[in-house]
Amino acid sequence: MDNPIETHPFEPFLPSNAKLLMLGTFPPAPKRWCMEWYYPNFTNDMWRIMGICFFGDKMHFVDQEHKTYRLKELKTFLKQRGIAIFDTCLRIRRTTGTASDKDLEVVERADLDGMLRVLPQCRGVLAAGQLATSIFTEHYGIDARKMKMGDHLNFQFEDRTLSLYREPSSSRAYPMKVEQKAEYYQSMFQELGLGLPHSLR
């Protein structure tokens, strides 16, 4: 029997002041969540990367005692800094039950144009993961084949020029220390003017 079609469980997080839109593919299955929000797997390092870049502390958003993240602080922080989050897929089917891109069948894509239209100050997009990048670049006709880690490419959306960024995966499966990943992300945050992050040097 086919696995059921899943609809995205979270509302798009689109603060009107956002300069950066972070797009993944689709959240992992609920059994892997430690909270009901983006990057909910406790072993994913996205919120540790943010802690290092902006506070010099990978545990800044981590609630170690309860093995979760400080969600209220996270949302406040992201609004203040101007960081929006959603995913490239609205509905998917898991072919094997995992969150891996290769095991996701895309049923319905997210409205990428609609997201960028409600983010008039957005100057950068981070498409996290191969499938998210493929969906985004295909939609906007971007040739990203020669992009290296840490690169960005400019593209046109209506009357705006935006930059698409390539950064290391925040998944623990990606073989790089979280501190090294944070160095890549820090450069992007600085280029987009997201406040004054903590210096990693």
Side-chain angles (χ1 to χ4, degrees), residues 3-16 18-50 61 68-69 71 74-75 77-79 81-119 122-140 142 144 147 152-153 155 157 162-174 181 185 188-189 192 194:
N3 289 332
I5 292 173
E6 295 178 42
T7 299
H8 202 292
F10 309 136
E11 289 285 317
F13 183 77
L14 304 172
S16 59
K19 294 179 183 175
L20 171 66
L21 172 60
M22 291 174 41
L23 292 171
T25 306
F26 199 83
K31 65 184 177 184
R32 300 179 187 275
W33 298 357
C34 71
M35 64 177 180
E36 293 187 16
W37 214 57
Y38 297 95
Y39 300 97
N41 190 328
F42 194 66
T43 63
N44 188 290
D45 277 329
M46 182 57 75
W47 304 127
R48 293 176 184 84
I49 289 169
M50 292 278 189
F61 294 113
T68 187
Y69 298 103
L71 184 52
L74 257 178
K75 289 182 178 180
F77 160 78
L78 293 168
K79 277 183 180 169
R81 294 287 176 161
I83 299 173
I85 308 180
F86 195 51
D87 286 312
T88 50
C89 298
L90 206 56
R91 298 166 80 225
I92 57 98
R93 183 183 278 117
R94 298 184 203 276
T95 57
T96 64
T98 78
S100 175
D101 280 358
K102 65 180 173 43
D103 298 327
L104 296 183
E105 175 193 331
V106 181
V107 176
E108 183 182 351
R109 298 182 177 193
D111 179 7
L112 301 176
D113 292 350
M115 277 187 265
L116 290 178
R117 285 187 188 117
V118 300
L119 300 174
C122 185
R123 295 174 44 223
V125 175
L126 168 60
Q130 191 56 53
L131 183 54
T133 301
S134 297
I135 290 172
F136 193 88
T137 53
E138 182 186 306
H139 182 77
Y140 290 108
I142 303 166
M147 279 184 88
H152 68 268
L153 274 178
F155 68 98
F157 172 68
L162 292 90
S163 297
L164 173 67
Y165 286 83
R166 183 174 177 212
E167 305 295 346
S169 169
S170 57
S171 167
R172 292 273 174 91
Y174 190 83
K181 293 180 184 183
Y185 279 77
M188 173 180 67
F189 295 144
L192 293 171
L194 298 180

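No more than 12 heavy-atom neighbours from other residues, nucleotides or ligands sit within 6.0 angstrom of CD on Glu36.
In plain terms, the two heavy atoms of Phe189 and Ile83 that are nearest each other are CE2-CD1, 4.4 Å. The nearest pair of heavy atoms linking Ala132 to Ala128 is CB-O, 3.4 Å. Pairing each heavy atom of Pro28 with each of Trp33, the nearest pair is O-NE1, 2.8 Å. Closest approach of Arg172 to Thr43, counting heavy atoms only: CG-O, 2.6 Å. Closest of all the heavy-atom pairs between Leu194 and Arg81 is O-NH1, 3.0 Å. Of all heavy-atom pairs spanning Phe26 and Cys89, the tightest one is CD1-O, 3.5 Å.
Put simply, CG on Asp103 and CG on Leu131 are 11.0 Å apart, with the number rounded to the nearest 0.5 Å. Of the inter-residue distances, the one linking Arg166 atom CZ with Leu153 atom CG reads 11.0 Å to the nearest 0.5 angstrom. In this structure, CG in Leu71 is found 11.0 Å from CZ in Phe61, a value given to the nearest 0.5 Å. One distance of note links CZ of Phe157 with CG of Leu119; it measures 9.5 Å at 0.5 Å rounding. Taking CD1 of Ile85 as the start and CE of Met22 as the end, the distance is 5.0 Å to the nearest 0.5 Å. Distance OG1/Thr68 to CH2/Trp47: 12.0 Å, rounded to 0.5 Å.
For Trp37 and Phe13, the ring centers are positioned less than 6.0 Å apart. Separation of the Tyr39 and Tyr69 ring centroids does not fall under the 6.0 Å cut-off.
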- Task: Please test Phe86 against Tyr38 for side-chain contact (heavy atoms from CB on, under 4.5 Å), starting from the C-alpha separation and ending with a verdict.
- Result: CA-CA 8 Å; Phe86 195 51; Tyr38 297 95; 3.0 Å; yes
- Message: Please evaluate residues Tyr185 and Leu126 with respect to the criterion side-chain contact (heavy atoms from CB on, under 4.5 Å), reporting the C-alpha separation (whole Å), side-chain torsions for both, the decisive distance (0.1 Å), and the verdict.
- Response: CA-CA 10 Å; Tyr185 279 77; Leu126 168 60; 3.6 Å; yes
- Task: Test side-chain contact (heavy atoms from CB on, under 4.5 Å) on Asp111 and Asp113 and set out the steps.
- Result: CA-CA 6 Å; Asp111 179 7; Asp113 292 350; 4.0 Å; yes
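Here the side chains of Met35 and Leu74 are in contact, with some heavy-atom distance below 4.5 Å. When side chains are defined from C-beta on, Leu23 counts as touching Leu112, because their heavy atoms get closer than 4.5 Å. Within the 4.5 Å cutoff, the side chain of His139 has no heavy atoms near those of the Thr88 side chain. Proximity of Ile5 to Glu108: side-chain heavy atoms (C-beta onward) are nowhere separated by under 4.5 Å. Residues Leu162 and Cys122 are in side-chain contact: their nearest non-hydrogen atoms beyond the backbone lie under 4.5 Å apart. Between Ile92 and Thr25 the shortest side-chain heavy-atom distance does not fall below 4.5 Å. Counting heavy atoms from C-beta on, the side chains of Pro9 and Pro30 never come closer than 4.5 Å. Put simply, the side chain of Leu192 reaches to within 4.5 Å of the side chain of Tyr165, judged on heavy atoms.
The backbone N or O of Met46 sits nowhere less than 3.5 Å from a side-chain atom of Lys181 that would complete a donor-acceptor pair. For the pair Ser169 (side chain) and Gly129 (backbone), a donor-acceptor distance under 3.5 Å is absent. For the pair Asp87 (side chain) and Gly24 (backbone), a donor-acceptor distance under 3.5 Å is present. A donor-acceptor contact shorter than 3.5 Å links the side chain of Asn3 to the backbone of Arg94. With hydrogens and angles disregarded, no donor-acceptor distance shorter than 3.5 Å links the side chain of Arg32 to the backbone of Asn41. Remark: side-chain polar atoms of Ser170 are not paired, donor with acceptor, to backbone N or O of Asn44 under 3.5 angstrom. Within the 3.5 Å criterion, the main-chain N or O of Arg91 finds no donor-acceptor partner in the side chain of Thr7. Using modelled atom types, no side-chain atom of Ser163 and backbone atom of Val125 make a donor-acceptor pair closer than 3.5 Å.
Taking the ring centre of Phe42 as origin, the terminal cationic atom of Arg48 falls inside the region bounded by 6.0 Å and 45° from the ring axis.
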